[in-house]
Amino acid sequence: MNEKILVTRSSMPDFDEYCNEIKGLWESHWLTNMGEKHMQLQKALEDTLGVSHVTLYTNGHLALENIIAAMDLPEHGEVITTPFTFASTTHSIVRNGLEPVFCDINATDYTIDTDLIENLITDKTCAIVPVHVYGNLCDVEKIQKIADKYDLKVIYDAAHAFGVTYKGVNAACFGYASMFSFHATKVFNTIEGGAICYSDDSLVQKLNDMKNFGIHSPEEVIYAGGNAKMNEFQAAMGICNLRHLDDEIEKRRRVTEHYRSRLENVSGITLCRPQADVKQNYAYFPAVFDEKLFGATRDEVCQALADNNINARKYFYPLTNTFDCFKGKYDAGKTPVALHISKRVLTLPLYADLSTESVDRICDVILGLKKAD
Ligand SMILES: *Cc1c(COP(=O)(O)O)cnc(C)c1O
């Protein structure tokens with residue numbers, strides 16, 4: 001049997017590099033709560049991303065929950081978002097007592113369809129939470145125009161977009177704030193981790209307090225906050241991985257190019273096209289299968305890969321507006337493009353060290369299912 005190929009594999013620095021980074025912790029015994037490594041990573045990210053402020057978190061989800069909470073939106077306010085995303089995006093809205101209003105995605109890059117946003121705005125709309133799906137950037141200019149017209153704030157779920165730039169500007173810089181995930185499976189990881197990037201100075205102290213139980217000073221607790229702090233071991237991993245970011249993205253680019261050379265122009269397979277003026281991070285490799293043209297369904301492709309010891313992922317499936325926990329609440333029929341794509345998309349294995357031979361093995365299985373044109 002061929003060696004197992006997982007859908008992703010976390011990038012790690014050399015063991016010695018990490019050990020060197022954490023050595024000081026055995027002298028300071030300061031392991032969390034805005035320690036030296038935490039402050040060092042925060043500064044390094046502000047410089048790398050070209051953003052005024054970075055607040056670090058123990059994971060991306062709590063980062064998103066916290067920034068939404070920090071905006072003091074009206075109870076039961078409506079937040080426009082998309083269902084073609086990871087559970088986290090929708091849950092962070094719902095868990096703040098807000099109402100997600102699902103906008104459809106466009107069929108080109110699977111981000112929010114900006115032509116449909118205005119129709120969904122009501123007098124209860126209080127924010128927009130779009131997602132840079134697979135590292136494809138939303139139409140940030142159009143979204144900002146709409147947000148300005150209706151005086152709404154935009155929070156980007158940029159979990160997939162670390163390292164992506166548009167016209168030279170980092171994804172961290174769009175909207176009121178952007179959330180990154182530094183989960184083990186992302187392009188840049190801190191084991192688990194996340195960040196909010198923003199320019200509003202008044203948020204700095206607020207977010208730092210909120211992620212630490214709302215404790216403002218030893219005798220002042222001003223929010224009923226939770227605990228979402230990044231610890232020193234996470235920050236040390238981030239400091240190391242950040243040194244290798246360019247190399248990580250370059251290796252992912254090579255894997256992606258090889259996939260493209262094998263799967264581009266195959267009838268029945270649709271790949272994401274590179275976006276104009278966007279420097280990509282090659283976070284995922286989604287392929288959409290059209291049964292009629294290709295000759296096999298997405299589920300059949302996924303199963304054939306599994307039979308060959310290859311893990312692909314139905315990402316994103318199911319849509320968040322069809323989750324069991326929301327049964328009867330939303331109608332996925334109102335987001336037909338998202339529904340169509342979620343039933344046909346498969347993200348193929350992609351990580352920095354995935355070999356050309358492995359990519360060939362994966363593509364051979366897929367193309368073996370292709371019916372004659
Ligand atoms: C990974 C991810 C998150 C959540 O990040 P965690 O760090 O795992 O909490 C949120 N949104 C999207 C789109 C993601 O892919």
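Only a predicted model underlies this, so the values are computations on that prediction, with no experimental measurement involved. Ligands are counted one by one from 1 in listed order, and the atoms in each one are counted from 1 as well.
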- Task: Output, in order, the C-alpha distance, side-chain angles, deciding distance and verdict of ring pair (Phe, Tyr, Trp, His ring centres under 6.0 Å) for His38 and Phe233.
- Result: CA-CA 9 Å; His38 172 287; Phe233 290 82; over 10 Å; no
Name the closest protein heavy atom to [atom], giving the residue it belongs to and the distance to 0.1 Å.
atom	answer
atom 12 (C) of ligand 1	Ala159 CB, 3.4 Å
atom 15 (O) of ligand 1	His160 NE2, 2.8 Å
atom 11 (N) of ligand 1	Asp157 OD2, 2.8 Å
atom 4 (C) of ligand 1	Ser88 OG, 3.7 Å

Any atoms of ligand 1 less than 4.0 Å from a non-hydrogen atom of [X]? List them with their elements.
X	value
Tyr315	15 (O)
Asn59	7 (O), 9 (O)
Ser181	1 (C), 5 (O), 6 (P), 7 (O), 8 (O)
His183	7 (O), 8 (O)
His61	4 (C), 5 (O), 6 (P), 9 (O)

- Ring-ring centroid check Tyr156 Tyr176, cutoff 6.0 Å: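 No, the ring of Tyr156 stays outside the 6.0 Å limit from the ring of Tyr176, centre to centre.
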- Message: Are His258 and Phe285, when compared by the centres of their aromatic rings, separated by less than 6.0 Å?
- Response: no
- N or O pair under 3.5 Å between Thr85 and ligand 1: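 Looking only at distances, the answer is no, because the N/O contact criterion of under 3.5 Å is not met.
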- Can you figure out which of His132, His91, Met179, Lys186 has its heavy atom closest to atom 2 (C) of ligand 1? Lys186
Parallel, tilted or perpendicular: rings of [Y] and [X] (30°, 60°):
X	Y	result
Tyr134	Phe316	parallel
Tyr330	Phe326	perpendicular
Phe188	Phe162	parallel

- CZ/Arg243: more than 12 non-hydrogen atoms of other groups inside 6.0 Å: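 Counting neighbours around CZ of Arg243, more than 12 heavy atoms of other residues, nucleotides or ligands fall under 6.0 Å, so yes.
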- Can a salt bridge be assigned to the pair Asp364 and Arg262 using a cut-off of 4.0 Å between side-chain N and carboxylate O? yes
Determine whether any heavy atom of [X] lies closer than 4.0 Å to an atom of ligand 1.
X	answer
Gly193	yes
Glu192	no
Tyr134	no

- Quick one: do Val221 and His216 satisfy side-chain contact (heavy atoms from CB on, under 4.5 Å)? Show the steps, please. CA-CA 6 Å; Val221 181; His216 183 64; over 6 Å; no
